[in-house]
There are 2 protein chains.
Amino acid sequence: MNTMQVLKAMANETRMEILTLLLRHNYCVRALANELDFSEATISQHLKILREAGLLIGEKRGYFMHYDVEKTALIELAREIEALAGIEREGCHPKLRSDCPVELKPSCHKKGTCDEETIEFCHGKEADRE
Amino acid sequence: MNTMQVLKAMANETRMEILTLLLRHNYCVRALANELDFSEATISQHLKILREAGLLIGEKRGYFMHYDVEKTALIELAREIEALAGIEREGCHPKLRSDCPVELKPSCHKKGTCDEETIEFCHGKEADRE
DNA sequence: TATTTAATTAGGTCAATACTTAATTAAATG
DNA sequence: CATTTAATTAAGTATTGACCTAATTAAATA
């Protein structure tokens, strides 16, 4: 799953409404257009974005296209976001950051506690700083 | 929580990178700008969007602003997305939709199975249809 | 209390996104 | 196999979003 693509697909009011409508009811494209008061072309374009993100699968029934929400994609997204919340602060342990110039940074960002090299690491070269 | 606002805040590569950086390390604004190779102004604007969505809280330490990720917001978002996945299809039960014109729609969208009123409900007025 | 300094906001540019209508496509049906 | 019809794609426009530099703000410190 491309998390970014899924988030972008969901980060739009109309597409979220399409998702919730399709979760509850089996609308065709025109019915969605009627419900949401947009042109069929607009809805079709939104459906494409949702489909390409893996949030919908389409099926043709008679003349009509019907879309189903791929619930596993939603669950996977929820897991990914939970995983983010599970990330722990590393503090400033140089062991975990091979590019960290200091051995220990006990009270950084109190003026005077960091040497020039540390300040450069955290805030850039002196020339760019003022 | 405003789910839409949180999704919009997260649906951007730079902001997601900011989030993951801040989950792991206590960067100030300039350090984030250095890591991500954007101007401080740009990072500040992204931080504002994340803050207003409730994904960050800021704290001033000495001269520096430090932001922490509001993990509860992430967990809440994950729950909301899971809740979406939990929504069940209503089929087409007129009892659940007071505006549904039919008593039962057993095999709708097979030509001829819906009367004119049903078709109008699903697909709009005849005049708008051709 | 004047100065220093990081962060933010203002103002402007360019690219991406969300719409529209019109044209096209592709599948179902007579 | 020609016709019908829903959906999609194309083309164009207007809005929104992401970036920049420059100006401003507000807090810490001398």
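Letters A, B, ... mirror the listed sequences (proteins, then strands); counts begin at 1. These values consider heavy atoms only, across backbone and side chains, with no hydrogens, waters or symmetry-generated copies.
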Nearest whole angstrom, please: distance from the C1' of C/dA7 to the CG of B/Asn34.
-> 14 Å
Spacing of A/Glu13 atom CD relative to C/dT17 atom C1', expressed in whole Å = 13 Å
Heavy atoms of B/Leu77 and A/Ile81 approach each other most closely as CD2-CD1, 3.6 Å
Got a salt bridge between A/Arg79 and A/Glu82, using NZ or NE/NH1/NH2 to carboxylate O under 4.0 Å?
-> yes
Phosphate-side-chain proximity, A/Thr42 and C/dA18, N/O vs OP1/OP2 below 4.0 Å = no
Please list, chain by chain and in numerical order, all residues satisfying side chain to side chain donor-acceptor pair (under 3.5 Å) with B/Ser44, sequence neighbours excluded.
-> none
Kindly state which residues belonging to residues 43-56 of chain B come within less than 4.0 angstrom of DNA chain C, counting heavy atoms of the residue only, listed by number.
-> B/Ser44, B/Gln45, B/Lys48, B/Arg51
Any B/Arg30 side-chain nitrogen or oxygen under 4.0 Å from OP1 or OP2 of C/dT5 | no
Side-chain N,O (A/Tyr67) to OP1/OP2 (D/dT8) below 4.0 Å | yes
Whole angstrom value for the distance that separates P of D/dT8 from NE2 of A/His66 = 11 Å
note: A/Phe38, atom CZ; C/dT21, atom P; distance rounded to Å ~ 12 Å
Rounded to the Å, how far apart are B/Ile18 CD1 and D/dA18 C1'?
-> 12 Å
Taking all non-hydrogen atoms of both residues into account, name the closest pair between A/Tyr67 and A/Gly58 and its distance.
-> CD2-CA, 3.4 Å
Closest contact, heavy atoms only, A/Leu55 versus A/Ala73 | CD2-CB, 4.0 Å
Looking at B/Asn12, does any N or O in its side chain come under 4.0 Å of the phosphate oxygens OP1/OP2 on D/dG17?
-> no
Would you kindly give the CE-to-P distance between A/Met4 and C/dT17, to the nearest whole Å?
-> 11 Å
Would you tabulate the side-chain donor-acceptor contacts of residues 7-15 of chain B under 3.5 Å, counting partners in other chains and residues two or more places apart, or write 'none'?
{"residue": "B/Lys8", "atom": "NZ", "partner": "A/Glu13", "partner atom": "OE1", "Å": "3.3"}
{"residue": "B/Asn12", "atom": "OD1", "partner": "B/Thr14", "partner atom": "N", "Å": "3.0"}
{"residue": "B/Asn12", "atom": "OD1", "partner": "B/Arg15", "partner atom": "N", "Å": "3.0"}
{"residue": "B/Glu13", "atom": "OE1", "partner": "A/Lys8", "partner atom": "NZ", "Å": "3.3"}
{"residue": "B/Arg15", "atom": "NE", "partner": "B/Ala9", "partner atom": "O", "Å": "2.7"}
{"residue": "B/Arg15", "atom": "NH1", "partner": "B/His46", "partner atom": "ND1", "Å": "3.1"}
{"residue": "B/Arg15", "atom": "NH2", "partner": "B/Lys8", "partner atom": "O", "Å": "3.2"}

Whole-Å distance separating the CZ atom of B/Phe64 from the C1' atom of C/dT4 | 12 Å
Length of the CD-P vector between A/Glu40 and D/dT8, whole Å = 9 Å
